[in-house]
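Let me begin by presenting the structure, written as structure tokens, before commenting on it.
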Amino acid sequence: MTEQQAQAVEPGPETTPAGAVATAPAPEQTPAPEPEQTPAPETTAPAKDRRVLRAVLRWTAAVVVFAAVGAGTAYGITGMERTDVPGLATESDGRWDYPTLTRPPLPSGSPRPFAKENGAEAHYADPRALLLPAPAGAVEDRALRGEDGWLPTGDFLKEYADADERADLRQKLKDSGLRHIAARGWKTEDGTRTRIYLLRFGTSAVVDELSAEMAPFGAPGYQLRGTEASVTDEGFGDLPWPGDFPRWAYTESKPYGAEQVRQAYLAAGDVLALIVQSRKGTAASVPFRQTVTLQGQLLG
């Protein structure tokens with residue numbers, strides 16, 4: 001019988017069980033009074049009180065459960081990265097995932113390129129070790145490795161569109177005492193192609209003269225292949241720069257052809273660097289500026 005049913009049944013007059021024989025007391029005898037009994041103390045609460053007690057217990061248990069779940073959820077969120085939490089994810093700003101950069105060791109007793117005691121601003125580290133590594137997920141362009149890591153001058157000049165300009169630049173590189181060209185390139189998943197060239201000369205003075213012709217203010221001095229008209233990248237000059245040397249960045253202006261080309265020159269002591277990025281449609285500015293800045297850190 002349920003509790004509700006038990007509460008609904010009212011106590012009635014005493015009944016005689018079926019099959020029992022009723023016996024009347026003898027008229028001449030008066031039954032002795034039963035001894036007075038003290039009622040036993042109640043050990044259970046009334047029905048209404050029991051319902052209230054059960055409700056309190058149920059709510060207490062619920063509060064404990066919700067508190068435990070809430071604590072577990074808070075712990076889970078604080079232990080997650082921001083990008084793992086729905087609604088709090090931060091979209092990428094377009095930067096590439098480069099490995100940790102490490103400058104190559106210098107020969108014993110050799111100063112850094114822009115140290116006070118290095119008046120020639122010479123790089124004593126191997127230029128091949130100064131090339132920026134490819135970012136995560138990129139496919140390297142093995143053709144730019146050249147022989148033993150040195151790229152022939154003719155392969156470098158293929159970056160330039162006009163045959164007459166290539167011939168003129170070849171002569172200038174020769175007259176300036178070009179020693180080596182170290183190069184590296186790759187292609188990322190979005191189709192962006194990157195090429196980096198480090199041209200090493202005998203002195204920083206030669207690099208200063210050559211960069212004035214190759215990277216004048218307003219537009220590059222020599223037209224790269226695949227470009228129509230390139231102008232100064234206005235926003236690039238406002239970015240923090242890690243090096244103690246000048247740099248010039250240009251972007252191809254509209255209308256351009258099937259792809260857009262971005263380029264930058266760095267006059268880092270006795271090294272003249274050229275960084276080129278191109279992509280079908282539009283070449284994004286963020287990875288380009290990131291790449292140029294990181295390459296500048298390695299040269300600085």
Side-chain angles (χ1 to χ4, degrees), residues 113 120-123 125-132 140-187 193-233 245-252 256-257 259-278 283 288 291-292 295-296 298-299:
E121 297 182 341
H123 285 81
D126 190 326
R128 293 169 293 186
L130 293 173
L131 286 165
L132 182 68
E140 190 167 355
D141 184 355
R142 296 181 180 274
L144 289 180
R145 290 185 177 181
E147 184 177 353
D148 296 329
W150 302 118
L151 187 72
T153 303
D155 290 354
F156 166 71
L157 293 173
K158 292 178 182 178
E159 282 288 352
Y160 297 91
D162 186 78
D164 292 336
E165 288 188 350
R166 287 198 301 269
D168 177 67
L169 184 54
R170 179 189 293 271
Q171 188 61 46
K172 286 183 178 180
L173 294 177
K174 182 179 179 180
D175 295 341
S176 300
L178 175 63
R179 294 182 174 181
H180 301 290
I181 300 177
R184 175 170 290 155
W186 61 79
K187 184 177 182 180
R193 293 186 301 117
T194 301
R195 287 92 69 196
I196 300 176
Y197 304 94
L198 303 183
L199 287 69
R200 188 176 187 182
F201 297 87
T203 65
S204 59
V206 171
V207 172
D208 291 339
E209 293 179 5
L210 191 58
S211 62
E213 297 185 34
M214 299 184 68
F217 178 78
Y222 293 85
Q223 181 185 358
L224 292 183
R225 61 179 178 175
T227 63
E228 293 296 333
S230 297
V231 296
T232 299
D233 186 344
F245 50 87
R247 80 282 192 195
W248 304 267
Y250 310 94
T251 181
E252 190 177 8
Y256 39 80
E259 63 179 14
Q260 186 185 29
V261 179
R262 294 179 180 271
Q263 57 185 298
Y265 288 92
L266 312 179
D270 62 346
V271 173
L272 177 63
L274 170 64
I275 298 98
V276 183
Q277 278 189 1
S278 57
F288 171 71
T291 301
V292 175
Q295 182 59 72
L298 288 175
L299 292 174

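The model shown is predicted, which means the values in this text are computed figures rather than measured ones.
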Shortest non-hydrogen contact between Ala125 and Arg200, atoms and distance: O-NH1, 4.0 Å
Do the side chains of Tyr160 and Leu169 get nearer than 4.5 Å, heavy atoms only? yes
Could you pull out the closest heavy-atom pair between Gly226 and Val261, with the gap in Å? O-CG2, 4.0 Å
Provide the closest heavy-atom pair for Tyr250 versus Gly218 in the form atom of the first, atom of the second, distance. CE2-C, 4.2 Å
If you round to the nearest 0.5 Å, how far is CZ of Arg170 from CG of Leu178? 10.5 Å
Show the numbers, then the answer: is there a side-chain contact (heavy atoms from CB on, under 4.5 Å) between Leu151 and Tyr197? CA-CA 9 Å; Leu151 187 72; Tyr197 304 94; 3.6 Å; yes
Is atom CD of Glu228 surrounded by more than 12 heavy atoms (other residues, nucleotides or ligands) closer than 6.0 Å? no
Quick check: does any side chain N or O of Gln295 sit under 3.5 Å from a backbone N or O of Leu130, one acting as donor and the other as acceptor? yes
Is it the case that the side chain of Gln171 and the backbone of Asp175 share a donor-acceptor pair, with hydrogens and angles ignored and the cut-off at 3.5 Å? no
Hey, is the main chain of Gln277 close enough, under 3.5 Å, to the side chain of Arg195 for a donor-acceptor pair? no
So, taking the atom named CG in Leu198 and the one named CD1 in Ile275, what distance separates them when rounded to the nearest 0.5 Å? 7.5 Å
Looking only at non-hydrogen atoms, find the nearest pair between Phe288 and Ala264 and report the distance. CZ-CB, 3.8 Å
Arg225, CZ: over 12 other non-hydrogen atoms inside 6.0 angstrom: yes
Tell me if a side-chain donor or acceptor on Asp270 pairs with a main-chain N or O of Ala120 at a distance below 3.5 Å. no
Could you tell me whether the side chain of Glu121 reaches within less than 4.5 Å of the side chain of Val207, counting heavy atoms only? no
Got Pro220 and Gln263 here, is their nearest side-chain heavy-atom distance under 4.5 Å? yes
Do the ring planes of His180 and Trp150 sit parallel (below 30°), tilted (30 to 60°) or perpendicular (above 60°)? parallel
Could you measure the distance from the CG atom of Leu274 to the CD1 atom of Ile196? Nearest 0.5 Å is fine. 9.5 Å
Flag side-chain contact, heavy atom, 4.5 Å: Leu299 against Phe245: yes
Minimum heavy-atom separation for Ala268 to His123, with atom names? O-CE1, 3.0 Å
Can you tell if the side chain of Trp186 reaches within under 4.5 Å of the side chain of Leu132, non-hydrogen atoms only? yes
Arg193 and Glu259: CA distance, side-chain angles, deciding distance, salt bridge (Lys or Arg N to Asp or Glu O under 4.0 Å) verdict: CA-CA 11 Å; Arg193 293 186 301 117; Glu259 63 179 14; 3.5 Å; yes
Would you say Ser176's side chain and Leu173's backbone share a donor-acceptor pair under 3.5 angstrom? no
Check: Asp141 main-chain N/O paired with Arg184 side-chain donor or acceptor under 3.5 Å: no
Looking at CG of Leu298 and CG of Leu131, how far apart are the two atoms once the value is rounded to the nearest 0.5 Å? 8.5 Å
Backbone N or O of Ala215 within a donor-acceptor pair of the Tyr222 side chain at under 3.5 Å? no
Determine yes or no for a side-chain-to-main-chain donor-acceptor pair under 3.5 angstrom, with Gln260 supplying the side chain and Glu252 the backbone. yes
Non-hydrogen side-chain atoms of Leu210 and Phe201 separated by less than 4.5 Å: yes
Check whether any side-chain heavy atom of Phe156 lies under 4.5 Å from a side-chain heavy atom of Arg166, and answer yes or no. no
When rounded to the nearest 0.5 angstrom, what is the spacing between OG1 in Thr251 and CZ in Arg262? 3.5 Å
List the atom of Leu272, the atom of Ser211, and the distance in Å for their closest heavy-atom pair. CD1-CB, 4.0 Å
Lys172 side, atom NZ; Glu165 side, atom CD - distance, nearest 0.5 Å: 9.5 Å
